[in-house]
Each structure stands twice: as C-alpha cells, then as structure tokens.
Amino acid sequence: MLSFFQFFARHGRAVLIAGLVVGIAVPPLAMAMKTYLPELIGFLLFVTALRIDPVAALSKGAGLGRTAGIVVLYQLFIPVVALAAFWFLGWQGGLALGLVLMLAAPSIASSANIAILSGHDGTGALRLMVLGTALVPLTAFPIFFLLPQLGEISAVLGASVRLLLIIFVAAIAAVVVRRLFLNEMAQTTVEALDGFAALTMAVVVIALMAAMGPALWNEPWRFVGVMIVACAVNFGLQVVGWWIAPWLGSQRDRAGLAIIMGNRNLGLFLTALPLSVTDPLLLFIGCYQVPMYLTPLVMGWLYRKN
C-alpha cells in the first residue's frame, strides 16, 4: 500500500494536472463532487496537518512575531486596502469579491514544497502557512464584516466560528493521529503521505472545476477574461512579494513569501461561507487553480534569482 501512494508522490505534479483536466473535461463529475466541497476541503486540511505536524512546525521555527506580522499584512491589511480600492472605483461584483477573499486567505499547503523546488529554503513558507491558517479566523473576521454580501453580523459571526471549528478540528485530529500512530515516521511513510495528499488535492481540484467546464463551452469569452485576471493577479502578486520580502527582513525566506503572496488557499472559505456567496465565485476559484499549479513552471525565471 505504501508503494502505491509513493508512486503518486513521485508524480504529484502530473496527478494535480490530471485533476484539472478531468474537472474541466467531465463537467457532470465536477458538478456531482461540488456538493461535497466543504467536506473535501476539510479533509484536505486534515491530511496537510497530518503531513507537516503544525505544532512541531511552529515550535521549531524562529521569528514567530515577525511571521505573525507578515500574516496580518498579507491576510488583513492588503485585502482591506483592496476592498477600499474596489469600493472607491465602484467595482463590487463577484470577481471583486473573489479577489478580496483570495487576498484574505492563508497560504496554499504546498508553498514550502514549491519554494524548495525553486532552489530556496522552505522553512519560512511552512511557518507562514501554518500560522496563517491558524490565525485566519481572526484575520478574516474584519474582512467578512466589511463585505455586504455576507449580510448581518450574525452571519459574519457564524462564518467565522465555522471556519475556526473546521481548522481546529482538522488540526487536533491530525496531531492526535500523529502522536498515536505516526510519531516517528520513516521516509517511506512521509512519501506515502505526500502521495495521498496529492491524490486528495486532485480530487478537490476536480470539484473546484465545477464552473469551468460549462463556462468554457457556453461563455468562452467570460471564461477567458476570468482566467486572464486570475493568472495576472497570481503571478503579479508573486513578483510584488519577491520585491517586498527584503523589506520584511526576510532575505532567506524571500521565495516563500513571494509564492505565498500570490498563492492562497481560497477554497478554505468554501467550508464556512454560504452557497449563495460561494457559488458565483466558483469560476474564479477554478481559474485560480491554474496559475497555482503552473507556478513552478512559469515563475522559474523569478525564483532563480539569488
């Protein structure tokens, strides 16, 4: 069984791309799986925490105060500025909402791996991912409060509490499983978990593609427009992150901070927000997965810089 999952670990990038292709090419499957998106994303969060051990990641890291400051900058200050800019410009549609929520989201789970693949240290990215995910219920609450689409304060509180509970339960369950069964993991076990995580991510990606297939065939120009925005924002934010990282006092973690600036776990909010809010965002969320998975290929020119 371990060798089965190790195979998928060795071909993780191909597995994820296959998930993208299947999600776009087989819309009925993606639509059927969309119903279970909150559960799938919650399970993916558990698998990610099982692989990295969030308690160990935080306890072994240095500079948690600085990391917390970067979390506040990335997940609170920047989305508030973006929200204010969109309000000033009178742009309050679904795409604007998707961009604000993307900026308010924590790092994707694979940010440390992408930093390592790019020839840089992944410790800072791992620490920022763990702490950012842990703090997202706190940093997201002001964003939720400022979004008129979420309605009354009770709905905002409900979404924040649901998000907190999902993250807490996934993290605690993963820590318990690690302590009971996987306290001393061999390299083969680590590789098997990587393969299992890749398969889980591929399944989640299929569900996230639910709106892409229909848009591609029925509204191709809308599809192209949203895809261009998603790619431009993702790659553009990575360039910005690369250049501001030294100002944050983190030359060693420069690549990780840049990768996280553009690659956020937007799908996490699908576990907490109502369908009336998330359904119109599915096309943007689906398109946003494409530049995420293309980051190692497309952004190599940036991360090869020392």
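Values in this document were obtained by computation on a predicted structure and should not be read as measured data.
- Cluster note: Val161 groups with Leu165 through ILVMFWY side-chain heavy atoms spaced under 4.5 Å, whether in direct contact or through intervening members.
- Taken together through direct or relayed side-chain contacts under 4.5 Å among Ile, Leu, Val, Met, Phe, Trp and Tyr, Val47 and Leu180 form part of one hydrophobic cluster.
- Under the 4.5 Å side-chain criterion, counting only non-hydrogen atoms from C-beta, Thr133 is in contact with Leu45.
- Sorted by first and then second residue, the pairs that involve residues 209-223 and meet side chain to side chain donor-acceptor pair (under 3.5 Å), not counting sequence neighbours, are Glu219-Arg222.
- Between Leu257 and Leu128, the closest heavy-atom pair is CD2-CD2, 3.4 Å.
- Between Val80 and Pro142 there is no side-chain heavy-atom pair separated by less than 4.5 Å.
- Residues passing the ring-ring contact (aromatic ring centres under 6.0 Å, His included) test with Phe86 are Trp91, sequence neighbours excluded.
- Listed by first then second residue, pairs satisfying side chain to side chain donor-acceptor pair (under 3.5 Å) with a partner in residues 68-84 read Gln75-Thr139, not counting sequence neighbours.
- No continuous path of ILVMFWY side-chain contacts below 4.5 Å connects Ile206 to Met31, so the two sit in separate hydrophobic clusters.
- Side-chain atoms of Asn234 and Thr295, non-hydrogen and from C-beta on, do get closer than 4.5 Å to each other.
- Note that CD1 of Ile108 and CG of Leu268 are 13.0 Å apart. Values are rounded to the nearest 0.5 Å.
- Linking Ile, Leu, Val, Met, Phe, Trp and Tyr whenever their side-chain heavy atoms come within less than 4.5 Å puts Trp301 and Leu237 in one cluster.
- Between Ala197 and Leu44 the shortest heavy-atom distance is O-CD1, 4.3 Å.
- In this structure, Asn265 has no side chain to side chain donor-acceptor pair (under 3.5 Å) partners at least two apart in sequence or on a different chain.
- Residues in residues 15-35 take part in no ring pair (Phe, Tyr, Trp, His ring centres under 6.0 Å) pair, two or more places apart or across chains.
- For the pair Phe196 and Glu191, the minimum side-chain heavy-atom distance is 4.5 Å or more.
- Using a 4.5 Å heavy-atom threshold, the side chains of Pro291 and Val298 count as separate.
- A chain of hydrophobic side-chain contacts below 4.5 Å, direct or via other Ile, Leu, Val, Met, Phe, Trp or Tyr residues, connects Leu193 to Ile172.
- Residues satisfying the side-chain contact (heavy atoms from CB on, under 4.5 Å) criterion with Leu97, sequence neighbours excluded, are Leu101, Leu147, Gln149, Val277, Leu281.
- Interatomic distance, Leu248 CG to Ile70 CD1, rounded to the nearest 0.5 Å: 5.0 Å.
- Rounded to the nearest 0.5 Å, atoms SG (Cys287) and CG (Leu208) are 11.5 Å apart.
- For the atom pair CD1 (Ile259) and CE (Met299), the distance works out to 9.0 Å, reported to the nearest 0.5 Å.
- Across all their heavy atoms, Gly23 and Ala30 have their closest contact at O-CB, 3.7 Å.
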Review point. Going through the checks in order, is the side chain to side chain contact (heavy atoms under 4.5 Å, CB included) test met by Asp253 and Arg66?
Key: CA-CA 12 Å; Asp253 300 329; Arg66 187 192 66 188; 3.3 Å; yes
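- Ser111 places a side-chain heavy atom less than 4.5 Å from the side chain of Ile260.
- Pairing each heavy atom of Phe144 with each of Ser160, the nearest pair is CD1-OG, 3.6 Å.
- Evaluation of the side-chain contact (heavy atoms from CB on, under 4.5 Å) rule for Val224 yields Ile228 as partners, not counting sequence neighbours.
- Each of Val169, Leu164, Leu163 was compared with Ile167 under the side chain to side chain contact (heavy atoms under 4.5 Å, CB included) criterion, and only Leu163 meets it.
- Atom CZ in Phe284 sits 6.0 Å away from atom CG in Leu95 (nearest 0.5 Å).
- The cluster map of Ile, Leu, Val, Met, Phe, Trp and Tyr, joined by side-chain heavy atoms under 4.5 Å apart, puts Tyr303 and Val239 in the same cluster.
- Listed by chain and number, the residues in a side chain to side chain donor-acceptor pair (under 3.5 Å) with Thr48 amount to none (sequence neighbours excluded).
- Screening residues 272-288 for side chain to side chain donor-acceptor pair (under 3.5 Å) gives Lys34-Asp279 as the qualifying pairs, with residues at least two apart or on separate chains.
- The distance from the CG atom of Leu266 to the CD1 atom of Ile285 is 4.5 Å, given to the nearest 0.5 Å.
- Across Ala171 and Ala49, no two heavy atoms sit closer than the pair CA-CB, 4.3 Å.
- The minimum heavy-atom distance between Val204 and Leu37, with the atom names listed, is O-CD2, 4.3 Å.
- Contact check for Met209 versus Val22: no side-chain heavy atoms found under the 4.5 Å cut-off.
- Scanning for side-chain contact (heavy atoms from CB on, under 4.5 Å) contacts around Tyr36 gives Glu39, Leu40, with sequence neighbours left out.
- Ile17 belongs to a hydrophobic cluster whose remaining members, ordered by chain and number, are Val21; membership requires side-chain heavy atoms of ILVMFWY residues under 4.5 Å apart, directly or through intermediates.
- Between the side chain of Arg264 and the backbone N or O of Ala105 there is at least one donor-acceptor pair closer than 3.5 Å.
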